[in-house]
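See structure below.
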Amino acid sequence: GPIEIKLGTSSTLVELRGQKFTSANQALRKLFSLYANVRPSRYIAGTSSKFAGTDIVVVRENTEGMYTGEEFWEEGKEGQSVVAMRRITRNGALRVARFAFRLAENQGRKFVTAAHKANVLRLS
């Protein structure tokens, strides 16, 4: 098949068409271009909620950022630590933003709000 999972190693890798991934989820996201994680949240009448009338949809980029699975061990003054890379491309960011705007337009929504972490991650 197109996906090969190698078990029994210290870090299980998934191989897909010659590329190695850290999980089957990551491999499938790449294979099917599942870049937008869509999470709707709507208030259900008759339930107890602090936020009656809530109707939002959260759209997150699903293949970049921490989802790249790029990490490595590093020896330093403090001993061993793991460094995880957060890779974000302009194309990936624009692609998910366009998706969110199209989704909002198709659902008749009036607002799109972007959330970021620029206070701590100034470049990405």
Side-chain angles (χ1 to χ4, degrees):
I3 298 177
E4 181 180 329
I5 302 175
K6 296 178 182 177
L7 301 172
T9 62
S10 59
S11 61
T12 301
L13 291 179
V14 176
E15 191 168 321
L16 172 64
R17 296 181 178 160
Q19 285 187 286
K20 288 184 171 58
F21 300 94
T22 56
S23 72
N25 283 347
Q26 185 189 40
L28 292 170
R29 286 178 187 141
K30 291 288 186 178
L31 176 65
F32 295 111
S33 193
L34 302 174
Y35 61 90
N37 181 349
V38 180
R39 297 291 187 168
S41 179
R42 182 177 293 154
Y43 170 74
I44 299 173
T47 61
S48 172
S49 172
K50 281 185 168 183
F51 307 103
T54 299
D55 182 11
I56 65 172
V57 178
V58 176
V59 178
R60 293 182 59 213
E61 210 294 327
N62 211 29
T63 58
E64 295 189 345
M66 297 307 288
Y67 294 107
T68 61
E70 298 174 59
E71 54 186 8
F72 57 90
W73 282 99
E74 180 178 81
E75 294 285 340
K77 294 177 187 175
E78 312 268 329
Q80 284 189 333
S81 60
V82 174
V83 176
M85 302 291 288
R86 181 174 183 252
R87 184 177 307 277
I88 298 171
T89 66
R90 182 180 187 86
N91 287 342
L94 289 173
R95 179 173 65 170
V96 76
R98 286 185 185 109
F99 177 89
F101 275 93
R102 280 194 309 272
L103 181 67
E105 187 176 54
N106 291 340
Q107 292 184 355
R109 296 181 178 275
K110 296 179 182 176
F111 300 99
V112 173
T113 303
H116 57 81
K117 297 179 180 177
N119 60 327
V120 234
L121 301 167
R122 302 200 188 281
L123 296 177
S124 62

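Here the structure is a predicted model, which is why all the values come from computation and not from measurement. All residue numbers in this chain count up from 1 along the given sequence.
Pairing each heavy atom of A36 with each of V59, the nearest pair is CB-CG1, 4.3 Å.
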N/O donor-acceptor pairs under 3.5 Å from side chains in residues 89-105, not counting sequence neighbours:
unit_1	atom_1	unit_2	atom_2	d
T89	OG1	E64	OE1	3.3
T89	OG1	E64	OE2	2.5
T89	OG1	G92	N	2.9

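Between Y35 and E61 the shortest side-chain heavy-atom distance falls below 4.5 Å.
In this structure, CD1 in I88 is found 10.5 Å from OG1 in T63, a value given to the nearest 0.5 Å.
Judged purely by distance below 3.5 Å, without hydrogens or angles, the side chains of Q80 and E74 never pair a donor atom with an acceptor atom.
A donor-acceptor pair is defined here as one N or O able to donate and one able to accept, closer than 3.5 Å; no such pair exists between the side chain of N62 and the backbone of N37.
Annotation for R86: atom CZ counts as buried by contact number, over 12 foreign heavy atoms lying within 6.0 Å. No more than 12 heavy atoms of other residues, nucleotides or ligands shown are found within 6.0 angstrom of CZ on R60.
Following chains of ILVMFWY side-chain contacts shorter than 4.5 Å, one can reach L31 starting from L34, so the two form part of one hydrophobic cluster.
Sorted by first then second residue, the salt bridge (Lys or Arg N to Asp or Glu O under 4.0 Å) pairs that include residues 110-121, not counting sequence neighbours, number zero.
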